[in-house]
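Hydrogens, waters and symmetry mates play no part in the numbers below; they use all other heavy atoms, side chains included. Throughout, protein chains are lettered first and strands after them, A, B, ... in sequence-line order, and every chain is numbered starting at 1.
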Protein chains: 2
Amino acid sequence: MKELQSEYQCAINLVIDLIGGKWKVLLLWHLNEGDKRFNELRRTIPEITKKMLTQQLRELEGHGLVKRTVFEEVPPRVVYSTTDFGHRLQPVLYGMCQWGDDYAEKEGIQMNSCWTGRDFMKNKSDLS
Amino acid sequence: MKELQSEYQCAINLVIDLIGGKWKVLLLWHLNEGDKRFNELRRTIPEITKKMLTQQLRELEGHGLVKRTVFEEVPPRVVYSTTDFGHRLQPVLYGMCQWGDDYAEKEGIQMNSCWTGRDFMKNKSDLS
DNA sequence: CGGCATCCCGAGCGATACTG
DNA sequence: CAGTATCGCTCGGGATGCCG
């Protein structure tokens, strides 16, 4: 698993290391809607491989942004959810998304949303 | 130079591509204090190589976050400054830094600041 | 169902040397 | 002063196959 550096120039670089994985923002977004199972996430994001899904979830878990709960059943059931710390990251992600959407519009870059203004508002009541 | 993708899952990943280079946040921070010359930045950040400094500045310039002004003199003089768009990124970076500082404190990660609460306040009057 | 083990490739970054 | 050019390594991430 990806280890964080022991020291950073700036906390922003730490945040980038935490959420900079290719699928992490998308995963945090989906987990933000509610708890999800492994194959549920796979169906929601068909392009991701099992290896990458496992890896990104494990890193988010190891860094304390996501919680992994295993139910000892047959067949096995594993549920992922956001932690309090992960939840408090939402307004920050929202701010990034706002600026990024502006930038994308100005530069004519295509965007598939997640944390756009409208989608986020649905969950705004979640914020303290 | 690093090309942006033509399409993104989420604007947050776009933002990460824009500021995720190893030295970009630090450069934006220093340029935020005021315009800087090439070797001025090298002295401020002794660990960075000329190659990386050039590359990161060129990418920031190419993406519209930094402006490069060449004075046709001998010896040459080149001054870097933030654009309006780069300037409007500040509150977002500040938000990331706040959350990241909390995280670092909780996890016992050492931080060398830049956009910490106190340092940022000096420039708060800059914000619209 | 929910993984883990391998192999492989390209991007990001550093070191070093040269230049108008 | 302010760069450019080249080499080489590391590591993130994709493809594929096996497992309790």
Could you check whether B:D17 pairs with B:K2 (Lys NZ or Arg NE/NH1/NH2 to Asp/Glu carboxylate O, under 4.0 Å)?
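Looking at B:D17 and B:K2, the cut-off is met.
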Can you tell me which residue pairs pass the salt bridge (Lys or Arg N to Asp or Glu O under 4.0 Å) test with a partner in residues 69-87 of chain A, sequence neighbours excluded?
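Sorted pair list: A:E73-A:R77.
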Measure the distance from [atom1] on [X] to [atom2] on [N] and round it to the nearest whole Å.
X: B:Q5; N: D:dG13; atom1: CD; atom2: P; answer: 11 Å
X: A:L53; N: C:dG2; atom1: CG; atom2: C1'; answer: 10 Å
X: B:F38; N: D:dA2; atom1: CZ; atom2: P; answer: 8 Å
X: B:K50; N: D:dT6; atom1: NZ; atom2: P; answer: 16 Å
X: A:E61; N: C:dG2; atom1: CD; atom2: P; answer: 15 Å
X: A:E47; N: D:dG13; atom1: CD; atom2: P; answer: 15 Å
X: A:I19; N: D:dG12; atom1: CD1; atom2: P; answer: 16 Å
X: A:L18; N: D:dG12; atom1: CG; atom2: P; answer: 14 Å

What residues, two or more places apart in sequence or in another chain, satisfy salt bridge (Lys or Arg N to Asp or Glu O under 4.0 Å) together with A:R58?
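With sequence neighbours excluded, A:R58 shows a salt bridge (Lys or Arg N to Asp or Glu O under 4.0 Å) to no residue whatsoever.
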Return the set of residues passing side-chain contact (heavy atoms from CB on, under 4.5 Å) with [X] (not counting sequence neighbours), or none when no residue passes.
X: B:V74; answer: none
X: B:S6; answer: none
X: B:T44; answer: B:H30
X: A:E47; answer: A:W23, A:I45

Got a sec? Which of residues 69-82 of chain A come in under 4.0 Å of DNA chain C, heavy atoms?
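Within this stretch, A:P75, A:P76, A:R77, A:V78, A:Y80 sit under 4.0 Å of the strand.
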For A:E7, all residues meeting side chain to side chain donor-acceptor pair (under 3.5 Å), sequence neighbours excluded:
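Applying side chain to side chain donor-acceptor pair (under 3.5 Å) to A:E7 gives B:N112.
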Once side chain to side chain donor-acceptor pair (under 3.5 Å) is applied, do any residues pair with B:Y103, and if so which ones, sequence neighbours excluded?
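Result, side chain to side chain donor-acceptor pair (under 3.5 Å) vs B:Y103: none returned.
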Count the heavy atoms of every other residue, nucleotide or ligand shown that sit under 6.0 Å from CD of B:E40, and state whether that count exceeds 12.
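Enclosed: over 12 neighbouring heavy atoms sit under 6.0 Å from CD of B:E40.
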Check this one for me: any side-chain N or O of A:R68 less than 4.0 Å away from OP1 or OP2 of C:dG3?
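Yes, such a contact exists.
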Nonpolar side-chain network containing A:V79, other nodes, edges under 4.5 Å
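Once heavy-atom contacts under 4.5 Å are chained together, A:V79 belongs with A:F71.
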Measure the angle between the two terminal helix axes of the helix from C:dC1-D:dG20 to C:dG20-D:dC1, five base pairs each, and quote it to 10°.
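Between the first-five-pair axis and the last-five-pair axis there is 50°.
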Closer to the 5' end of DNA chain D via nearest nucleotide, is it B:R42 or A:E59?
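By nearest-heavy-atom nucleotide position, the 5'-most residue is B:R42.
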Would you give a per-nucleotide map of nucleotides 6-14 of chain C, 5' to 3', where B means the base has a protein non-hydrogen atom under 4.0 Å away, S means only the sugar-phosphate does, and - means neither?
B-----SBB
